[in-house]
Amino acid sequence: MDARILDGRALATELRDGLTARTTALAERGIEPHLRVVMVGEDESSLAYLRGMRSLGAKIGVRVSVDDLGHACDVATLRAHLIALDTDNDVHGVILQQPLPRHLSIRDIADAVPERKDVDGTNPLNQGRLAFATGTRFVPATPGAVMLILERSGAWPLRGKDVIVVGRSSVVGLPVALLALAQHATITVVHSATAEIRTRVRAADVVIVAMGKPHAVDASWLKTGAVVIDVGTTVIDGKLRGDVDFESARTVASEITPVPGGVGPVTNVALMRNVVTSAEAVILV
Ligand code: NAP
């Protein structure tokens, strides 16, 4: 079997066009959607991320600005800064760039991200809404991107499918599991303490991998015809590697996302979609 490629770049372009129509309509009413990225000191990966977001924003009509509070910023200062953005009417979306420096824990800060501008679903209130399957305006970007890709795969609808998620982080594994559960899939979440992972993965119709271990999953882990979504991104020798050994897995899977060019490009558009949705809400209130 040679798997069909689930092309994230093509999907991102398609979604981008839809967003541009929405930002054009907002511009006619004098509103420019505005994303504020809050950083606690710059590093190479956050600067690369920022460049990507700025370039995407310029294409679709979303302003991206940055508040860099510096490496030494303490919890109280960061919290106060985030809380103040709630009443800044010029800002529609707020994200806190992660990972944070070691002296800061996201657990002490997440609830300070303004709930109604929380475009990456960081605030525990928005995470809780996902758990209740009541829906939230702000599905976190990467889990949202995984679902956008699955919607266009042969695995959709997920109702009754066996879906396995490798990884249980609060930014990817756990929310993606909740979203798939809300689509009536049967979910297994595995992690570093799970026994017989490979056997469990081999039983699944849909395999979502977010473990941060480059090329850990190969064809021997997969049921013939499985749909494979690779969220992993690790830079090795200047190249981006996924958690799935693509060349091996494609011989068994029916559909698969590449890295790069799979989940990543859709993630950025999913985040911008939330910013545009937040700006549109200004008109509705
Ligand atoms: P994380 O917080 O480090 O979580 C990794 C998860 O994988 C943990 O739950 C961990 O288990 C599990 N795990 C690690 N090694 C394992 C093993 N050998 N067997 C089974 N489970 C294992 O990472 P993350 O933030 O979720 O990110 C995961 C990957 O996705 C990274 O490569 C990251 O760069 C990438 N990512 C990509 C995007 C994108 O847009 N494409 C966005 C976000 C993240 P424990 O909980 O037991 O430790």
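Ligands are counted one by one from 1 in listed order, and the atoms in each one are counted from 1 as well. Computation of the quantities below employed the complete heavy-atom set of this structure, encompassing side-chain atoms and omitting hydrogens, waters and symmetry-equivalent molecules.
- Considering backbone and side-chain atoms together, D243 places no N or O closer than 3.5 Å to any N or O of ligand 1.
- Under a cut-off of 6.0 angstrom, the local environment of CG in D17 is crowded, with over 12 non-hydrogen atoms contributed by other residues, nucleotides or ligands.
- At least one donor-acceptor pair closer than 3.5 Å links the side chain of D118 to the backbone N or O of N123.
- Under the 4.0 angstrom criterion, atom 3 (O) of ligand 1 counts as lacking any protein heavy-atom contact.
- Annotation for ligand 1: atoms under 4.0 Å from non-hydrogen atoms of I197 are 19 (N), 20 (C).
- Given atom 31 (C) of ligand 1, the protein heavy atom at minimum distance is G212 CA, 3.6 Å.
- The neighbour count for R36 CZ, taken as heavy atoms of other residues, nucleotides or ligands under 6.0 Å away, is above 12.
- Of the protein's heavy atoms, S192 OG, 2.5 Å lies nearest to atom 47 (O) of ligand 1.
- At a threshold of 4.5 Å between non-hydrogen side-chain atoms, the residues E42 and D68 count as touching.
- Ligand 1 lies less than 4.0 angstrom from a heavy atom belonging to A210.
- The protein heavy atom nearest to atom 44 (C) of ligand 1 is V172 CG2, 3.9 Å.
- The nearest protein atom to atom 12 (C) of ligand 1, hydrogens excluded, is given as G167 CA, 3.9 Å; this is a heavy-atom distance.
- Atoms of ligand 1 found under 4.0 Å from any heavy atom of V171, numbered from 1 in the order shown, are 25 (O).
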Sequence neighbours excluded and cut-off under 3.5 Å, please list the side-chain donor-acceptor pairs for residues 3-13, or say none.
residue, atom, partner, partner atom, Å
R4, NE, E255, OE2, 2.9
R4, NH2, R152, O, 3.1
R4, NH2, E255, OE2, 2.7
D7, OD1, R9, N, 3.0
D7, OD1, A10, N, 3.1
T13, OG1, R9, O, 2.9

Q: Test R79 against D74 for salt bridge (charged side-chain N to carboxylate O under 4.0 Å, His left out), laying out the working first.
A: CA-CA 9 Å; R79 287 185 61 89; D74 60 24; over 6 Å; no
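- Here the heavy atom of the protein found nearest to atom 41 (N) of ligand 1 is V231 O, 3.4 Å.
- Taking only non-hydrogen atoms, the option from R198, R168, M211 nearest to atom 13 (N) of ligand 1 is M211.
- Looking at D243, I197, V244 one by one, the single match for side-chain contact (heavy atoms from CB on, under 4.5 Å) with M211 turns out to be D243.
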Under the criterion salt bridge (charged side-chain N to carboxylate O under 4.0 Å, His left out), I'd like the reasoning laid out for D2 against R250: C-alpha separation, chi angles, the key distance, then a yes or no.
CA-CA 6 Å; D2 197 16; R250 73 185 301 184; 3.1 Å; yes
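- Closest to atom 33 (C) of ligand 1 among all protein heavy atoms lies T233 OG1, 3.7 Å.
- At the top of the distance list for atom 40 (O) of ligand 1, counting protein heavy atoms only, stands T267 OG1, 3.1 Å.
- A heavy-atom distance below 4.5 Å is not found between the side chains of V269 and L148.
- Side chains of T122 and D120: a donor-acceptor N/O pair is absent below 3.5 angstrom, by distance only.
- S169 OG, 2.5 Å is the protein heavy atom nearest to atom 26 (O) of ligand 1.
- Taking a 4.0 Å cut-off on heavy atoms, V190 fails to register as neighbouring ligand 1.
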